[in-house]
Amino acid sequence: MSIEVRDADPAEYEAVGKIVAAAFFADGQLDAPDAGFYADVLRDVESRAAAAEIIVALDGGEVVGGVTFVPRGGPMADIAKEGEAEIRMLGVAPDAQGRGAGTALMRECIARSVGARRIVLSTQTVATGSHRLYERLGFVRAPGRDWAPVPGVDLLCYVLAL
């Protein structure tokens with residue numbers, strides 16, 4: 001089966017939120033003492049859909065992953081500057097990982113970045129599998145843009161020049 005990517009239907013928001021939260025939990029990204037609240041943020045796809053694009057990955061018609069894509073700043077951008085698109089909250093169901101859904105979602109975000117000079121994203125230090133994906137797609141570390149939204153959650157910045 002091949003992975004299909006497309007805009008999420010509002011009826012899929014709940015599934016996307018559960019999948020992304022499950023992926024973050026499985027990867028150890030919600031282990032920091034002050035990070036537990038973020039699971040609720042990850043599950044609240046409907047709120048972020050008002051200010052960003054929600055893209056899903058399907059395998060055999062079943063939603064297996066999702067990402068929040070911010071093409072031009074706004075309230076959903078964490079680190080994007082003028083002329084930058086931002087990728088946020090990428091997650092693939094733990095039992096569906098390794099089938100290309102994460103790569104397909106990333107490639108879709110890159111394809112949608114027409115007009116941007118760069119694409120940026122933040123990732124936790126523990127997400128080493130994600131780091132390999134980003135690097136394989138040409139993203140490079142930008143240590144000067146690393147940041148911490150809450151104590152104990154250190155985020156690394158990756159950038160792709162377009």
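No experiment lies behind these values; they were computed from the predicted model shown. All values below come from the heavy atoms of this structure, side chains included, with hydrogens, waters and symmetry mates left out. Throughout, numbering of the chain's residues begins at 1 and tracks the sequence.
Between the CG atom of Leu156 and the NE2 atom of His131 there is a distance of 5.0 Å, given to the nearest 0.5 Å. Interatomic distance, Asp146 CG to Thr125 OG1, rounded to the nearest 0.5 Å: 10.0 Å. Taking CG of Asp78 as the reference point, atom CG of Leu121 lies at 11.0 Å (rounded to 0.5 Å).
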Next item on the list: Evaluate the side chain to side chain contact (heavy atoms under 4.5 Å, CB included) criterion for residues Tyr38 and Val41: first the C-alpha distance (whole Å), next the side-chain angles of each, then the deciding distance (0.1 Å), finally the verdict.
Entry: CA-CA 5 Å; Tyr38 198 57; Val41 173; 3.7 Å; yes
Output, in order, the C-alpha distance, side-chain angles, deciding distance and verdict of side chain to side chain contact (heavy atoms under 4.5 Å, CB included) for Gln124 and Leu155.
-> CA-CA 5 Å; Gln124 289 195 36; Leu155 299 179; 3.4 Å; yes
*For Leu137 and Leu160, what are the C-alpha separation, side-chain angles and deciding distance, and is it a side chain to side chain contact (heavy atoms under 4.5 Å, CB included)?*
CA-CA 8 Å; Leu137 293 173; Leu160 177 67; over 6 Å; no
Q.
Go through it in stages, so that I can follow the logic: the residues are Ile119 and Cys109, the test is side chain to side chain contact (heavy atoms under 4.5 Å, CB included), and I'd like the CA-CA distance, side-chain angles, deciding distance and then a yes or no.
A. CA-CA 9 Å; Ile119 306 171; Cys109 291; 5.7 Å; no
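Listed here is the closest heavy atom pair of Tyr13 and Glu46: CD1-CA, 3.7 Å. The two atoms that bring Ala22 and Pro94 nearest to each other are O-CG, 3.9 Å, heavy atoms only. Taking every heavy atom of both residues into account, Ile3 and Ala57 meet most closely at CG2-CB, 4.0 Å. Nearest heavy atom pair, residue Asp59 against residue Arg99, reads OD2-NH1, 2.7 Å. Contact record, Leu30 with Ala21: CD1-O, 4.2 Å, taken as the closest heavy-atom pair. Heavy atoms only, all atoms of each residue included: Ile19 and Gly91 are closest at CG2-O, 4.1 Å.
The backbone N or O of Val5 sits nowhere less than 3.5 Å from a side-chain atom of Glu108 that would complete a donor-acceptor pair. At distances below 3.5 Å, not a single donor-acceptor pair connects side-chain atoms of Gln29 with backbone N or O atoms of Ala127. The closest donor-acceptor contact from the side chain of Asp44 to the backbone of Ser47 lies under 3.5 Å. At least one donor-acceptor pair under 3.5 Å links the side chain of Asp9 to the backbone N or O of Ala11.
Between Glu53 and Arg112 there is a salt bridge, since at least one side-chain N of the basic residue sits less than 4.0 Å from a carboxylate O of the acidic one. The residues Arg145 and Glu84 are annotated as salt-bridged, a charged nitrogen and a carboxylate oxygen being separated by less than 4.0 angstrom.
Leu133 is listed as a side-chain neighbour of Thr103, based on a closest heavy-atom distance under 4.5 Å. Here the side chains of Val16 and Val63 are in contact, with some heavy-atom distance below 4.5 Å. The closest side-chain heavy-atom distance from Ile87 to Tyr134 is not below 4.5 Å. No side-chain heavy atom of Ser130 sits less than 4.5 Å from a side-chain heavy atom of Leu90. The closest side-chain heavy-atom distance from Arg118 to Leu162 is not below 4.5 Å.
Linking Ile, Leu, Val, Met, Phe, Trp and Tyr residues whenever their side-chain heavy atoms come within less than 4.5 Å places Met76 and Phe37 in a single cluster. The hydrophobic clustering, which links ILVMFWY residues whose side-chain heavy atoms are closer than 4.5 Å, places Met89 and Val150 together. By the rule that hydrophobic residues join a cluster once side-chain heavy atoms approach within less than 4.5 Å of another member, Phe69 and Val64 end up as members of separate clusters. By the rule that hydrophobic residues join a cluster once side-chain heavy atoms approach within less than 4.5 Å of another member, Val140 and Val120 end up as members of separate clusters. Each of Phe139 and Val126 belongs to its own hydrophobic cluster when Ile, Leu, Val, Met, Phe, Trp and Tyr are linked at side-chain heavy-atom distances under 4.5 angstrom.
In the displayed structure, Arg6 atom CZ is contacted under 6.0 Å by more than 12 heavy atoms of other residues, nucleotides or ligands. Counting heavy atoms of neighbouring residues, nucleotides and ligands inside a 6.0 Å radius, atom CD of Glu135 exceeds 12 of them.
In summary, the side chains of Arg88 and Ser122 do not present any donor paired with an acceptor at a separation below 3.5 Å, with no hydrogens or angles considered.
Geometrically, Arg141 engages Tyr158 in a cation-pi contact defined by less than 6.0 Å to the ring centre and at most 45° from the axis.
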